[in-house]
A.B. asks: 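One structure, pasted below without further comment.
As the structure is a computational prediction, the values presented were derived from the model and not from experiment. Just so it is clear: chains get the letters A, B, ... in the order the sequence lines come, proteins before strands, and each one is counted from 1. Scope of the values below: all heavy atoms of this structure, side chains included, with no hydrogens, waters or symmetry mates.
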Protein chains: 2
Amino acid sequence: MKPRAANPHFMNGIPELLILSLLERNEMYGYEIVQAIRTSTNAVVAAGEGVVYPVLHALEEEGAIRSRRRTVNGRSRIYYTATRAGARRLSGLSQQWMQLTQAVECMLKGESHGASFPEPA
Amino acid sequence: MKPRAANPHFMNGIPELLILSLLERNEMYGYEIVQAIRTSTNAVVAAGEGVVYPVLHALEEEGAIRSRRRTVNGRSRIYYTATRAGARRLSGLSQQWMQLTQAVECMLKGESHGASFPEPA
DNA sequence: TGAGCATACCTCGAACTGCAAGGTATTGCA
DNA sequence: TGCAATACCTTGCAGTTCGAGGTATGCTCA
């Protein structure tokens, strides 16, 4: 068994969630997204390009985001925005995420068997 | 090469976190842990035996928990408790988790570049 | 001029985790 | 006797993150 410090936990699905959240509000390109996530989370989340680009491609193929090529300041970039389907997906993921954080918080506090959980969809 | 799963479910590391949290407080056995997690989280987290047992074995090999065999009511069970190392590990994971939830919450709210994050360790 | 850096895109393999499905054995109850 | 619940376990698959590596262009500065 290797020491697992190499691979930080809790990152499953986080890049997709944050990317959708960003693209629902602004039109952005990949490289910009990488930096935005890093700086906005104060490097708590640091999804590299090896994560962001594959997620963007998958989301586009799914129809959750749409892209167009633009050249700005002599820089060729691929800008993405969320579609309506993407907005729906984001809303579902957000809800799931909030349910999870509530459930975990309760268990960590030891308030197990707590009666008031949000109903699981 | 599936585009993307329908839902990422954000479960990476959650079982380990909850198991350590439970075992820091109570001495429990595997089958019991499976049910405790399911009922305590109102099935928001439903880590099956195929998840819990491997995690228990890995944690024990790591020295984070300790086990002893006991027979109760004619039932042979393997009871686990957290060691001091396990408690330290739990505290680290908890902190990581709380940092992450704060960072994500801020980004979802759109309060990016928020100045007041907990310093990343 | 040309070296180096930042920008901007991309892909691949390794590593890890969660999960379903399946397997064994015992106890208790109808 | 048969069936469900208890209690343990392993295996193979699938999905994700991550780092390392690759390409190409524009800027700056010596």
Side-chain angles (χ1 to χ4, degrees), chain A residues 1-20 28-39 41 43-62 67-80 93 96 100 104, chain B residues 1-20 28-38 41 43-62 67-80 93 96 100:
Chain A
M1 273 293 156
K2 296 285 163 276
R4 319 128 120 85
N7 211 27
H9 275 118
F10 310 131
M11 280 308 168
N12 196 305
I14 300 296
E16 180 179 350
L17 180 68
L18 297 187
I19 288 171
L20 276 173
M28 297 176 77
Y29 56 97
Y31 195 79
E32 188 185 11
I33 292 173
V34 170
Q35 330 248 321
I37 290 179
R38 195 186 328 262
T39 68
T41 66
V44 169
V45 183
E49 304 175 31
V51 167
V52 168
Y53 286 117
V55 170
L56 286 173
H57 301 156
L59 284 176
E60 182 170 28
E61 195 164 350
E62 239 179 81
S67 74
R68 61 168 170 149
R69 179 151 227 126
R70 271 209 304 169
T71 298
V72 178
N73 293 341
R75 291 280 179 194
S76 177
R77 297 167 179 161
I78 303 175
Y79 281 84
Y80 295 90
L93 289 178
Q96 252 183 268
L100 177 65
V104 169
Chain B
M1 242 204 250
K2 287 278 163 64
R4 189 119 254 181
N7 61 330
H9 26 43
F10 307 121
M11 279 306 168
N12 199 314
I14 301 295
E16 181 180 349
L17 180 67
L18 298 187
I19 288 171
L20 275 174
M28 297 176 75
Y29 57 96
Y31 194 79
E32 188 185 11
I33 293 173
V34 171
Q35 331 248 323
I37 290 180
R38 195 188 325 265
T41 66
V44 170
V45 183
E49 303 175 32
V51 167
V52 168
Y53 286 116
V55 169
L56 286 173
H57 300 157
L59 284 176
E60 182 170 27
E61 194 164 351
E62 241 179 79
S67 74
R68 61 169 171 150
R69 179 151 227 127
R70 270 209 303 168
T71 298
V72 178
N73 296 339
R75 290 281 179 192
S76 176
R77 297 166 179 164
I78 303 175
Y79 281 83
Y80 295 89
L93 288 177
Q96 252 183 268
L100 177 65

A.B. asks: Could you say whether A:E49 or A:E16 is positioned toward the 5' end of DNA chain D, judged by the nucleotide with the nearest heavy atom to each?
C.D. replies: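 It is A:E16 whose nearest nucleotide is closer to the 5' end.
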
A.B. asks: Hey, which of B:L100, B:L93, B:L17 is the one that makes side chain to side chain contact (heavy atoms under 4.5 Å, CB included) with A:H9?
C.D. replies: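 One option only clears the test, and that one is B:L93.
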
A.B. asks: Base, sugar-phosphate, or nothing for A:R77, non-hydrogen atoms under 4.0 angstrom?
C.D. replies: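 Counting heavy atoms under 4.0 Å across all strands, the contact made by A:R77 is with sugar-phosphate only.
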
A.B. asks: Need one value for B:G74: base, sugar-phosphate or nothing, where a base atom within 4.0 Å counts as base even if backbone is also close, heavy atoms only.
C.D. replies: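 Sugar-phosphate, no base atom in range.
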
A.B. asks: Touch check for B:H57, heavy atoms < 4.0 angstrom, all strands: base, sugar-phosphate only, or nothing?
C.D. replies: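 Sugar-phosphate, backbone atoms only, no base.
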
A.B. asks: Kindly say if A:Y53 contacts the phosphate of C:dC10, meaning a side-chain N or O under 4.0 Å from OP1 or OP2.
C.D. replies: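 Checking A:Y53 against C:dC10: no side-chain N or O falls below 4.0 Å of OP1 or OP2.
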
A.B. asks: Report yes or no: do B:S76 and B:R69 form a side-chain donor-acceptor pair below 3.5 Å?
C.D. replies: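 Looking only at side-chain atoms, B:R69 and B:S76 do form a donor-acceptor pair, the distance falling under 3.5 Å.
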
A.B. asks: Just compare C:dC10, C:dT17, D:dG26 and give me whichever is closest to any side-chain atom of A:H9.
C.D. replies: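 From the listed options, C:dT17 comes nearest.
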
A.B. asks: Quick one: B:Y29 OH to C:dA25 P, roughly how many Å, whole number?
C.D. replies: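 So the OH-P distance, B:Y29 to C:dA25, works out to 21 Å.
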
A.B. asks: May I have the distance from A:N73 (atom CG) to D:dT25 (atom C1'), rounded to whole angstrom?
C.D. replies: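 In whole Å, D:dT25 C1' and A:N73 CG are 14 Å from each other.
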
A.B. asks: Which whole-number value in Å describes the distance from B:M11 CE to C:dC16 C1'?
C.D. replies: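 One finds 17 Å between C1' of C:dC16 and CE of B:M11, rounded.
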
A.B. asks: Among C:dT7, C:dT17, D:dT17, find the nucleotide with the atom closest to the side chain of B:N12.
C.D. replies: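 When the side chain of B:N12 is considered, C:dT17 is the closest of C:dT7, C:dT17, D:dT17.
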
